[in-house]
Amino acid sequence: MHTPATSLRARFEEIFPGDANREIHVARAPGRVNLIGEHTDYNEGFVLPGAIAFETRVARSVNDSGQVVMRSLQQQEEFRFATDDPAPNPRHDWTDYIRGVLIELRRGLSAIGGADLLIDGRVPMNAGLSSSAALEIATALALLQAGDGVFSPVELAKLCQRAENNFVGARCGIMDQFSSISGRAGRAILLDCRSLRSSYVPLPENVEIVICNTMIKHSVAAGEYNRRRAECEECLNFFKSKGAEIASLRDLSEENFKSWGPSLGEVLFRRCRHVLKENARVIQAAAAFEDEDLAAVGRLMYESHTSLRDDYEVSCPELDLMVDLARKVPGVYGSRMTGGGFGGCTVSLVERDIVERFKMEVAGKYEDATRIHPEIYVTTLVDGAGMEK
Ligand code: GLA
C-alpha cells in the first residue's frame with residue numbers, strides 16, 4: 001500500500017536535487033478505521049478505532065531558504081511558503097494541513113527552519129479514513145526533525161488536532177490524530193477522549209476488518225460536521241441551564257436525559273440520544289471483544305449505524321445500502337458507517353473464511369444498484385506513526 005522507503009528517497013533526490021550527503025528523513029503515519037464510537041470524541045466520550053495499513057509518508061530535508069517547499073507524488077504543483085509568515089491564509093486545499101501543522105509547531109517551539117517536503121499520501125482521500133490526520137501527523141514528525149522540541153505522542157496528536165481546528169477550520173475531535181500516532185498492530189484502541197487515557201483491545205484471530213468505500217466523497221470541513229458539534233453544545237447548555245452539573249454530554253445521566261430531554265426539541269433530542277447510547281455501546285463493544293463475543297460486537301455495530309442514520313443523520317443512502325448488503329452475507333458479524341459520515345466508508349467484521357465471497361457479493365450488488373464501482377479493502381490494524389530507518 002505504499003512506495004518503498006528507498007524509492008521515496010530516490011524520488012526526493014530527483015525532485016529536490018542537492019548535496020548527496022544531506023540527511024533525508026522519512027516520517028510515516030497511518031489512517032484509521034473506527035470500529036465503533038462515532039461523533040463521541042468531541043463530546044469527551046469513548047471511541048474504539050485502530051490504525052490501518054494505508055499510510056502517508058513525508059520525506060524531509062532542511063533547506064536554508066526560510067521556506068517550506070512542498071511537493072506531492074499525487075499532485076503536480078509545487079507550493080512554497082515562508083516559515084515565519086505572520087498572517088497566513090488558508091488555500092482550502094491539502095496544503096492547509098501542512099501549514100496548519102507548521103503554525104502550531106511554531107507556537108510550541110522557538111523556530112522551525114526551512115525544509116523541502118515530498119509527500120506520498122496513500123490513505124484514500126475524503127473517504128472517512130483520516131487521510132488528513134495521517135498527513136498532519138507525518139508532517140509534524142518530519143518537521144520536528146528540523147526543530148528542537150520534543151512532544152509526547154498525546155501532545156503531538158493534540159497539536160495536529162489544533163492545526164485542523166484553527167487553520168483548516170474543521171472542528172474535529174481527537175480520535176483521528178490519536179489513532180494515527182498510537183495505533184498498535186492487531187489491536188483496537190479504547191480511548192477516553194476526556195482523559196486521553198487509552199488501552200488496547202485485541203481482535204480475535206478468525207475475523208477480518210473489511211472496509212467498503214462507497215466512493216461518495218465526504219468532506220468533514222463541510223458545514224454539516226461543524227453543525228453537529230454546535231448542536232451538541234446547544235444540548236449541553238440546555239442541560240446546564242436546567243441545573244445539571246456536567247462538563248460535556250459524556251456526563252449526562254440517563255435520568256437527566258429522560259426528565260429534561262423531551263423539552264430539547266425533536267432534533268436535539270435525537271442528537272443527544274445518539275451520543276448517550278453510542279458511548280455506552282463503545283464500552284460494551286470493548287468488553288465483548290475481550291470476551292470474543294463477536295455476535296454482540298456485531299449487534300452493537302448495527303445499532304450504531306441505525307442511530308447514526310436516524311438520530312444523528314450523518315449517513316447517506318449509499319452507506320445504508322452498503323451496510324444492508326453486508327448484513328445479508330452469512331458470516332458477517334456487524335457493519336456500520338465509519339468516520340464522520342455523509343459518504344466515505346463502512347467497516348464490517350467478517351469471518352475470515354468468507355471474505356472473498358463477501359467482496360464479490362457486496363461489490364457486485366452495490367454496483368448493480370448504484371452504477372458505482374466500490375473499492376473494498378481488507379485491512380489489518382497496524383502500529384502508529386514513526387520515523388522510517
Ligand atoms: C471525523 C473527525 C473525528 C470524529 C469523527 C466522527 O473523523 O475528524 O474527530 O469526530 O469524524 O466520529
Side-chain angles (χ1 to χ4, degrees), residues 1-4 28-36 38 49-57 72-75 94 119-135 138 176 179-180 183 188 203 207-222 301 305 308-309 314-329 331-382:
M1 293 186 187
H2 69 248
T3 312
R28 50 161 289 277
R32 66 98 190 92
V33 66
N34 189 17
L35 299 179
I36 197 161
E38 223 64 84
I52 55 175
F54 287 110
E55 63 185 22
T56 287
R57 292 181 314 143
S72 159
L73 291 184
Q74 284 75 34
Q75 313 279 334
W94 62 276
I119 292 118
D120 184 16
R122 300 299 174 113
V123 185
M125 280 170 66
N126 293 318
L129 300 177
S130 296
S131 58
S132 19
L135 178 56
D176 305 349
S179 315
S180 181
L203 296 191
V207 75
E208 297 280 8
I209 294 172
V210 185
I211 298 171
C212 297
N213 191 342
T214 61
M215 311 306 277
I216 304 294
K217 298 283 178 209
H218 100 138
S219 168
V220 161
M301 289 174 80
H305 184 79
L308 288 158
R309 183 190 65 200
V314 290
S315 187
C316 65
E318 293 82 1
L319 283 167
D320 298 341
L321 172 66
M322 201 68 101
V323 168
D324 284 346
L325 293 174
R327 189 177 212 145
K328 291 195 181 109
V329 183
V332 173
Y333 293 103
S335 186
R336 56 182 288 280
M337 57 156 271
T338 187
F342 308 107
C345 294
T346 63
V347 58
S348 305
L349 273 190
V350 182
E351 218 170 81
R352 180 157 298 158
D353 296 346
I354 65 119
V355 165
E356 286 313 311
R357 174 174 170 197
F358 174 94
K359 282 164 71 176
M360 263 177 38
E361 285 195 18
V362 172
K365 289 185 178 150
Y366 182 80
E367 192 163 347
D368 286 349
T370 61
R371 302 275 137 226
I372 301 168
H373 180 66
E375 287 179 1
I376 300 194
Y377 325 114
V378 182
T379 187
T380 49
L381 298 183
V382 303

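Predicted, not measured: the structure shown is a model, and the values here were computed from it.
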Stepwise, does the side-chain contact (heavy atoms from CB on, under 4.5 Å) test hold for Ile52 with Tyr377?
CA-CA 10 Å; Ile52 55 175; Tyr377 325 114; over 6 Å; no

In short, Gly183 meets Ala51 closest at the heavy-atom pair CA-CB, 3.8 Å

Across all chains, not counting sequence neighbours, the side-chain hydrogen bond (donor to acceptor under 3.5 Å, both in side chains) partners of Gln75 are none

Residues passing the salt bridge (charged side-chain N to carboxylate O under 4.0 Å, His left out) test with Arg327, sequence neighbours excluded, are none

Side-chain heavy atoms of Glu361 within contact of Leu325, under 4.5 Å | no

Separation between CD (Glu208) and CD1 (Ile211), nearest 0.5 Å, reads 11.5 Å

Test item: Lys359 and Val378 side chains (from C-beta on) under 4.5 Å apart, heavy atoms = yes

By side chain to side chain contact (heavy atoms under 4.5 Å, CB included), Ala133 pairs with (sequence neighbours left out) Ser130, Glu136, Asp176, Gln177

Just by modelled atom types, is the Ala138 backbone N or O under 3.5 Å from a matching donor or acceptor in the Arg57 side chain?
no

Would you be so kind as to tabulate the donor-acceptor pairs closer than 3.5 Å made by side chains of residues 337-350, with sequence neighbours excluded?
unit_1: Thr338; atom_1: OG1; unit_2: Asn34; atom_2: N; d: 3.0
unit_1: Thr338; atom_1: OG1; unit_2: Asn34; atom_2: O; d: 2.8
unit_1: Ser348; atom_1: OG; unit_2: Ser335; atom_2: OG; d: 2.9

Open item on the list: Given 3.5 Å as the limit, does a donor-acceptor pair link the side chain of Tyr366 with the main chain of Ile372, or not?
Closed with: no

CZ of Arg336 to OG of Ser315, rounded to nearest 0.5 Å, is 10.5 Å

Side chain to side chain contact (heavy atoms under 4.5 Å, CB included) filter on Ser179, not counting sequence neighbours, yields Arg32, Pro49, Met175, Ile189

Check: So, Thr379 side chain and Ala53 main chain: donor-acceptor pair closer than 3.5 Å or not?
Finding: yes

*asked:* Counting C-beta onward and ignoring hydrogens, is there a side-chain heavy-atom pair between Leu321 and Lys365 closer than 4.5 Å?
replied: no

Sorted by chain and residue number, the side chain to side chain contact (heavy atoms under 4.5 Å, CB included) partners of Glu351 (sequence neighbours excluded) come out as Tyr333, Ile354

**Message:** Quick one, Ile119 and Trp94 - any side-chain contact, counting heavy atoms below 4.5 Å?
**Reply:** yes

*Can you tell if the side chain of Glu375 reaches within under 4.5 Å of the side chain of Met215, non-hydrogen atoms only?*
yes

key: Flag side-chain contact, heavy atom, 4.5 Å: Val123 against Leu135   = no

query: Would a 4.5 Å heavy-atom cut-off, applied to side chains only, mark Leu319 and Ile216 as touching?
result: no

For Glu55, is there an ion pair with Arg122 - N to carboxylate O distance below 4.0 angstrom?
no

So, Gln74 side chain and Gly121 main chain: donor-acceptor pair closer than 3.5 Å or not? yes

In this structure, NE2 of His373 is separated from CG of Asn213 (nearest 0.5 Å) by 10.5 Å

